[in-house]
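Report on the structure given below.
Computation of the quantities below employed the complete heavy-atom set of this structure, encompassing side-chain atoms and omitting hydrogens, waters and symmetry-equivalent molecules.
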Amino acid sequence: MASWVLSECGIRPLPPIYPKPRTGFISKPIKNSLKFGSLHEKNKFSDPRFNLSSITSFNGLSIDRKCVPSVSAPSRIPSLDAYEEKERIKDENHEFDYGAPPPFKLADIKAAIPKHCWVKNPWRSMSYVLRDVAIVFGLAAAAVYLNKWYTWPLYWVAQGTMFWALFVLGHDCGHGSFSNNPKLNSVVGHILHSSILVPYHGWRISHRTHHQNHGHVENDESWHPLPERIYKSLDNITRNLRFSAPFPMLAFPFYLWNRSPGKTGSHFDPNSDLFVRNERKYVITSTICWTAMAALLVGLSFVIGPIQMIKLYGLPYWGFVMWLDLVTYLHHHGHEDKLPWYRGKEWSYLRGGLTTLDRDYGWINNIHHDIGTHVIHHLFPQIPHYHLIEATNAAKPVLGKYYHEPKNSGPFPFHLIGDLGSSLKQDHYVSDTGDVVYYQTDPEVGGSVISK
């Protein structure tokens, strides 16, 4: 075989030579004793003009040039760091397509979350309720006792935030993440939500619809985009108010009564198309509880006076509404990258959930029970709020670029005001057609900017 290879290259094989065996190690390199025809001088080997392809004989053997490769060595081999930097720049310049189907499944995310994150502890959940209720009554007592003009604004902000915290705990009851006991969830949820004028079952059911259809243009329930035809059917006043702060942040009570533009029904009406037949009795129960709370507030107004009631309850209530609208809006809007909304076959539970956003609220994170960890909550609403941070950190390696890391907040989340303002100026409507759509901007809406 070897003889055939040599003959194909035009080399006549040498007769076999059997060297004498040697012992020990070679301590010095053996000098090159090979001679390449007349090019055996040392200085010829160091000449850069030297080319193996010019060799025609080797120790008297004729060599066919076609068997000698002509190789050009690079003058400089790039370092590994330079290669990695080049790849990093290439990756940064490549625009990631958030609308593309993810390479992982919902089961992959679930498998990455530790099993204990799914465990619900009703005692721990109740401890948060007792803590928040105690703070609410403590703040009210302190405000009445101090009764200074400069303490009341502080009270309104603090108490509005605590009303929002009560709402989040009632929200957990609605998801069943408060405990595994449906009766306990229902009782606690009714007490918490009714105290801040939210119909527990009516909102719970519509919120369930929101989770089941998140990211769907038509089927989502809250803060979904308006199709262009519905957007253009709005009168100018409604259109401008909808996208002019602070009016969108005061929308929640009106949404409870009338829902969003393009949808009909009410959270208080058991015959609304929000609910199916076997849910009507639950809606009636919640509406009765809401009415009882409203009557209690009216009665207290006669006892302590309407001005005192507005100071103690009315203004904190609107503070809670602003918190709710701000948080729920920014969990689905305001990212620096355009995020998709879906229709038809392009929509899936996973793809819709990946369009939601986490937000950092600084010191408020603990007060409102880490509701800012919104992505994992939307995908797995059964996880208790006190496990959401750990579950999110465990899921990040699976989510990759589909997870949008929130901006770090200072003690108070003032940076979110800018995100809200930018979104209200740009995110107005989506196309009536297409299964993967993005927000478009109406230049005629006051303060609008055309995004690139």
Report task. Quick one: pull up CG in Asn258 and NE2 in His267 and give me the separation to the nearest 0.5 Å. Result -> 10.5 Å

Requested in this report: Would you check if the side chain of Arg351 reaches a backbone N or O of Gly99 as a donor-acceptor pair within less than 3.5 Å?
Outcome: yes

Requested in this report: Evaluate the ring planes of His210 and His332, with Trp represented by its six-membered ring, and classify them as parallel (under 30°), tilted (30 to 60°) or perpendicular (over 60°).
Outcome: perpendicular

Report summary line: Heavy-atom closest pair (Ile310 atom, Pro316 atom, distance to 0.1 Å) is O-CD, 4.1 Å

Query raised in the report: Counting N and O atoms only, with roles assigned by atom type, does the side chain of Thr285 sit under 3.5 Å from a partner on the main chain of Lys281, one being a donor and the other an acceptor?
Result: yes

Report task. Evaluate the side-chain hydrogen bond (donor to acceptor under 3.5 Å, both in side chains) criterion for residues Asp132 and His369: first the C-alpha distance (whole Å), next the side-chain angles of each, then the deciding distance (0.1 Å), finally the verdict. Result -> CA-CA 11 Å; Asp132 290 358; His369 309 293; 2.7 Å; yes

Query - Side chain proximity check, Val198 to His190, heavy atoms < 4.5 angstrom - result: no

Query raised in the report: For Asn185 and Ser179, does a side-chain donor sit closer than 3.5 Å to a side-chain acceptor?
Result: yes

Query - CG on Leu197 to CZ on Phe163, rounded to 0.5 Å - result: 9.0 Å

Query - His374 side, atom NE2; Thr328 side, atom OG1 - distance, nearest 0.5 Å - result: 8.0 Å

Report task. Evaluate whether atom NZ of Lys263 has more than 12 neighbouring non-hydrogen atoms of other residues, nucleotides or ligands under 6.0 angstrom away. Result -> yes

Report summary line: Between Lys110 and Trp118 the two heavy atoms that sit nearest each other are CG-CZ2, 3.5 Å

Query - Distance-only polar pair, side chains of Trp152 and Asn147, donor-acceptor under 3.5 Å - result: yes

Query raised in the report: Tyr231 ring centre to Arg239 NZ or CZ under 6.0 Å, with the angle to the axis within 45°?
Result: yes

Query raised in the report: Taking atom types as modelled and ignoring hydrogens, do the side chains of Asp337 and Tyr98 form a donor-acceptor contact shorter than 3.5 angstrom?
Result: yes

Report task. Establish, from distance only, whether the side-chain atoms of His368 and Thr161 form a donor-acceptor pair under 3.5 Å. Result -> no

**Report entry** Polar side-chain atom of Ser195 near backbone of Leu192 as donor-acceptor pair, under 3.5 Å
**Finding:** yes

**Report entry** Check: Leu420 main-chain N/O paired with Ser423 side-chain donor or acceptor under 3.5 Å
**Finding:** no

Query raised in the report: Any chance the side chains of Tyr403 and Asp358 put a donor and an acceptor closer than 3.5 Å?
Result: yes

Query raised in the report: Taking atom CD1 of Ile389 as the centre, does the number of heavy atoms from other residues, nucleotides or ligands within less than 6.0 Å exceed 12?
Result: no

Query raised in the report: Going through the checks in order, is the salt bridge (Lys or Arg N to Asp or Glu O under 4.0 Å) test met by Asp432 and Arg229?
Result: CA-CA 7 Å; Asp432 292 329; Arg229 66 183 186 281; 3.5 Å; yes

Requested in this report: Dump the intermediate steps for side-chain hydrogen bond (donor to acceptor under 3.5 Å, both in side chains) on Asp370 and Tyr386, then the final yes or no.
Outcome: CA-CA 7 Å; Asp370 293 315; Tyr386 41 83; over 6 Å; no

Report task. Assign the ring pair His378 / His211 to parallel, tilted or perpendicular, where the plane angle (0 to 90°) is split at 30° and 60°. Result -> parallel

Query - Full working for salt bridge (Lys or Arg N to Asp or Glu O under 4.0 Å) between Glu405 and Lys396 - result: CA-CA 9 Å; Glu405 194 73 38; Lys396 284 181 183 180; 3.1 Å; yes

Query raised in the report: After noting the C-alpha distance and the side-chain angles of Val321 and Trp318, does the key distance pass the side chain to side chain contact (heavy atoms under 4.5 Å, CB included) rule?
Result: CA-CA 5 Å; Val321 168; Trp318 285 106; 4.1 Å; yes

**Report entry** Steps toward ring pair (Phe, Tyr, Trp, His ring centres under 6.0 Å) verdict (Phe320, Phe167)
**Finding:** CA-CA 9 Å; Phe320 143 67; Phe167 175 87; 5.8 Å; yes

**Report entry** Centroid separation Tyr342 to His216 less than 6.0 Å
**Finding:** no

Requested in this report: Ignoring hydrogens and angles, state whether a donor on the side chain of His193 or His171 is under 3.5 Å from an acceptor on the partner side chain.
Outcome: no

Requested in this report: Mind listing the closest non-hydrogen atom pair of His387 and His116 along with its distance?
Outcome: NE2-O, 3.4 Å

Query - Backbone of Asp269 reached by a side-chain donor or acceptor of Ser272 within 3.5 Å - result: no

Requested in this report: Find the distance between CG (Asp360) and CG (Leu416) and round it off to the nearest 0.5 Å.
Outcome: 8.0 Å

Query raised in the report: Backbone N or O of Asn240 within a donor-acceptor pair of the Ser244 side chain at under 3.5 Å?
Result: yes

**Report entry** Closest contact, heavy atoms only, Asp442 versus His428
**Finding:** N-ND1, 2.8 Å

Query - side-chain hydrogen bond (donor to acceptor under 3.5 Å, both in side chains) between Ser125 and Asp172, intermediate numbers included - result: CA-CA 9 Å; Ser125 298; Asp172 289 355; over 6 Å; no

Requested in this report: Run the numbers on Phe275 and His201 for ring pair (Phe, Tyr, Trp, His ring centres under 6.0 Å), then give the verdict.
Outcome: CA-CA 10 Å; Phe275 317 114; His201 279 308; 9.8 Å; no

Report summary line: Of all heavy-atom pairs linking Ala394 and Ala112, the shortest is CB-O, 3.3 Å

Query raised in the report: Would Phe254 and Trp257 count as a close aromatic pair, with their ring centres under 6.0 Å?
Result: no

Query - Chi angles and distances behind the side-chain hydrogen bond (donor to acceptor under 3.5 Å, both in side chains) call for Glu221, His214 - result: CA-CA 8 Å; Glu221 176 58 30; His214 47 208; over 6 Å; no

**Report entry** Polar contact flag, side-chain donor to acceptor under 3.5 angstrom, Gln159-Tyr155
**Finding:** yes

Report summary line: The residue among Leu339, Leu330, Val375 that forms side-chain contact (heavy atoms from CB on, under 4.5 Å) with Leu357 is Leu339

**Report entry** Donor-acceptor pair, side chain of Ser266 and main chain of Phe268, under 3.5 angstrom
**Finding:** yes

Report task. Take Phe104 and Tyr402, measure what ring pair (Phe, Tyr, Trp, His ring centres under 6.0 Å) needs, and give me the verdict at the end. Result -> CA-CA 10 Å; Phe104 50 83; Tyr402 286 90; 5.7 Å; yes

Report task. Answer yes or no: does atom CG of Leu130 have more than 12 heavy-atom neighbours from other residues, nucleotides or ligands under 6.0 Å? Result -> yes

Query raised in the report: Nearest heavy-atom pair of Asn181 and Lys183: which atoms, and what distance?
Result: OD1-N, 3.0 Å

Query raised in the report: Can Arg359 and Asp419 be said to form a salt bridge (Lys or Arg N to Asp or Glu O under 4.0 Å), step by step?
Result: CA-CA 11 Å; Arg359 297 289 187 179; Asp419 292 341; 3.2 Å; yes

**Report entry** Residues Lys338, Asp427: salt bridge by 4.0 Å N-O rule
**Finding:** yes

Requested in this report: Output the distance between atom CH2 (Trp323) and atom CD1 (Ile371), rounded to the nearest 0.5 Å.
Outcome: 12.0 Å

Query raised in the report: Is any side-chain heavy atom of Ser206 closer than 4.5 Å to a side-chain heavy atom of Tyr255?
Result: yes

Query raised in the report: So, Gln212 side chain and Thr209 main chain: donor-acceptor pair closer than 3.5 Å or not?
Result: no

Query - Asp273 with Arg259: basic N within carboxylate O range, under 4.0 Å - result: yes

Query raised in the report: Between Trp341 and Val436, is a side chain to side chain contact (heavy atoms under 4.5 Å, CB included) present by the stated rule, with each step listed?
Result: CA-CA 6 Å; Trp341 288 79; Val436 181; over 6 Å; no

